[in-house]
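The shown structure was predicted, so the numbers you read here are calculated from the model rather than taken from an experiment. Below, chains carry the letters A, B, ... as their sequence lines are ordered, and counting in each starts from 1. Any value given below was found using the heavy atoms of this structure, including those in side chains, with hydrogens, waters and symmetry copies removed.
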There are 2 protein chains.
Amino acid sequence: MSKLDESLLTGLPPFSLLERGQIREILDQALPKRYDEGAEIFHEGHDAERFHLLLDGYIRVVKTTEGGEQIIALHISPGQLFGIAPALNRDTYPATAIAASESLALSWPVRLWGEFTTKYPGFATESYSTLGQRLGEMQTRITELATQAVEQRVAAALLRMVTQSGRKVEEGIEIAFPVTRRNISEMTGTTLHTVSRLLSAWEKDGIVHSTRKHIVVTAPHRLVLLSGAQG
Amino acid sequence: MSKLDESLLTGLPPFSLLERGQIREILDQALPKRYDEGAEIFHEGHDAERFHLLLDGYIRVVKTTEGGEQIIALHISPGQLFGIAPALNRDTYPATAIAASESLALSWPVRLWGEFTTKYPGFATESYSTLGQRLGEMQTRITELATQAVEQRVAAALLRMVTQSGRKVEEGIEIAFPVTRRNISEMTGTTLHTVSRLLSAWEKDGIVHSTRKHIVVTAPHRLVLLSGAQG
DNA sequence: CCGCAAGTTTGCTGAAGGACAAAGAGGTCC
DNA sequence: GGACCTCTTTGTCCTTCAGCAAACTTGCGG
């Protein structure tokens with residue numbers, strides 16, 4: 001396999017302060033890998049042997065309950081670190097990571113985490129900032145689940161995906177990876193039936209346009225109203 | 001004010017690896033403060049000027065929604081750090097901290113955070129472990145809110161408090177700080193009415209014994225059944 | 001010792017949304 | 001091109017629990 005191009009990492013937050021030579025060093029230790037849609041990158045409870053950086057595609061981080069239900073904990077977009085158990089001193093992965101679409105990621109053995117954080121300026125800081133943001137997002141979801149009705153939560157979930165991964169198309173803004181009704185229900189703590197009903201209603205109102213596994217938000221501002229201080 | 005005794009910190013996880021001299025240094029820079037029940041230690045959105053260590057008492061970390069509802073994000077027990085915004089690169093507090101009972105805490109200016117993490121072995125590691133645990137707890141709560149019925153969530157919340165702060169009394173295990181029905185509803189995303197009904201029912205079944213702001217769990221094992229794989 | 005505030009209990013009602021059921025609509029694999 | 005599997009839609013029923021209302025209890029402050 002030929003050498004990875006340095007431009008892959010240049011400009012990504014965790015590495016933005018580094019020189020060419022340092023980036024070269026980091027890349028030479030990285031293992032690149034491609035994942036098909038639905039492929040598992042790592043599994044909840046397994047030994048955390050590597051930490052990862054998503055270059056292209058989208059990742060869903062998922063927890064499974066004893067009852068077999070799945071909860072989507074997090075979505076990862078290109079440029080983000082994930083599976084960073086070592087940052088929190090964990091030796092097993094707390095959740096399972098699955099490619100939401102065809103994806104490309106780099107990974108490094110966890111023993112390099114300590115090296116990276118001490119050797120490269122900004123790496124530790126940026127990583128912990130990311131963690132802080134994720135903590136904040138989780139707090140927001142707890143608050144939503146505890147206080148808001150299903151319709152508001154689903155609207156908020158759509159908006160979150162649009163914000164994180166929206167790409168402009170002529171009809172509006174499209175969520176850039178495949179999403180099923182069931183996926184949305186696993187983000188919002190409801191059933192796929194209820195999500196389907198909501199999307200049908202919103203389609204009728206001209207707020208979204210959706211086909212199988214594929215959603216375009218045509219009137220984001222109206223979703224904001226639905227998600228927040230009611231409309 | 002006389003010097004703080006070194007035994008205050010000896011043995012607490014963040015400082016367990018340090019020598020006397022180092023502990024002395026840390027203590028000399030600490031500001032001790034007592035808080036009445038209900039007193040605010042810091043407020044959501046304010047500049048994070050200090051980070052804190054709880055020595056005695058219990059702290060509730062609370063978020064308020066636009067609608068004015070409160071959500072209890074976290075309980076802090078003696079020996080734990082809190083308000084550690086600097087660890088996550090935040091410059092404002094993400095939530096409000098309130099003394100659940102009369103409490104005593106030390107605090108340091110945030111500029112010392114960097115110094116502590118580099119200078120004292122184990123401090124950074126222990127702090128990030130704590131953070132990892134909190135992240136895990138939050139994930140658990142999200143899962144609960146998304147998949148479990150009210151009764152299970154309330155049972156789980158009681159068990160969590162018992163685990164974190166239970167002290168043995170003759171009738172069973174008592175939650176060591178004042179808790180109202182409203183507080184419990186703010187942890188579980190329900191109403192105080194529903195919580196009151198559940199506690200009444202459990203009282204009748206001999207699972208708990210509660211008086212105003214005060215709860216003793218007399219049959220923890222039965223609560224476990226209620227909280228988990230249904231009873 | 002009285003009045004008031006905060007916390008608690010209980011009843012009733014209605015709506016939200018979960019559970020169950022069944023059928024249609026794309027895609028994909030052979 | 002057919003069989004099958006996954007995803008989606010829609011209908012009906014029924015439980016759970018939030019909302020509203022009102023009374024009761026306990027403890028504190030004046």
- Item | Given F82(A), Y58(A), F177(A), the one that forms ring pair (Phe, Tyr, Trp, His ring centres under 6.0 Å) with H75(A) | F177(A)
- How many Å lie between CG on L145(B) and P on dG18(C), as a whole number? 14 Å
- Message: With a 4.0 Å cutoff (strictly under), does any side-chain N or O of S200(B) reach OP1 or OP2 of dT8(C)?
- Response: no
- Task: Give the rounded distance in Å between these two atoms: NE2 of H209(A) and P of dT8(D).
- Result: 13 Å
- Item | Selected nucleotide, minimal atom distance to T191(A) side chain, candidates dA19(C), dG19(D), dC17(D) | dA19(C)
- Is there a side-chain contact between Q80(B) and Q133(B), using heavy atoms and a 4.5 Å cut-off? no
- Message: Counting the atoms with a prime plus P, OP1 and OP2 as sugar-phosphate, which does R212(A) contact under 4.0 Å by heavy atoms, base, sugar-phosphate, or nothing?
- Response: base
- Message: Please pick, from dG17(C), dA18(D), dT8(D), the nucleotide with the shortest atom-to-atom distance to any side-chain atom of A149(A).
- Response: dG17(C)
- Between dG26(C) (C1') and H214(A) (NE2): distance, integer Å: 14 Å
- Message: Could you check whether the side chain of H193(B) and the base of dT10(C) have a donor-acceptor pair of N or O atoms closer than 3.5 Å, going by distance alone?
- Response: yes
- Look at the aromatic rings of F51(A) and W113(A) and report parallel, tilted or perpendicular, splitting at 30° and 60°. perpendicular
- Calculate the interatomic distance between R197(B) atom CZ and dG7(C) atom P; express it in whole Å. 19 Å
- Query: Mind checking whether H46(A) and Y93(A) have ring centres under 6.0 Å apart?
  - Reply: no
- Expressed in angstrom and rounded to an integer, what is the separation of R181(B) atom CZ from dA6(C) atom C1'? 13 Å
- Item | Whole angstrom value for the distance that separates P of dC17(D) from CD of E151(B) | 8 Å
- Message: What's S196(B) touching, base or sugar-phosphate or nothing? Going by heavy atoms closer than 4.0 Å.
- Response: base
- Using only side-chain N and O atoms of T180(A), determine if any of them is under 4.0 Å from OP1 or OP2 of dT6(D). no
- R34(B), CZ: over 12 other non-hydrogen atoms inside 6.0 angstrom: yes
- Message: Heavy atoms only, 4.0 Å cut-off, all strands: where does L199(B) land among base, sugar-phosphate and nothing?
- Response: nothing
- Give the rounded distance in Å between these two atoms: CD of E203(B) and P of dT9(C). 8 Å
- Calculate the interatomic distance between Q148(A) atom CD and dA16(C) atom C1'; express it in whole Å. 15 Å
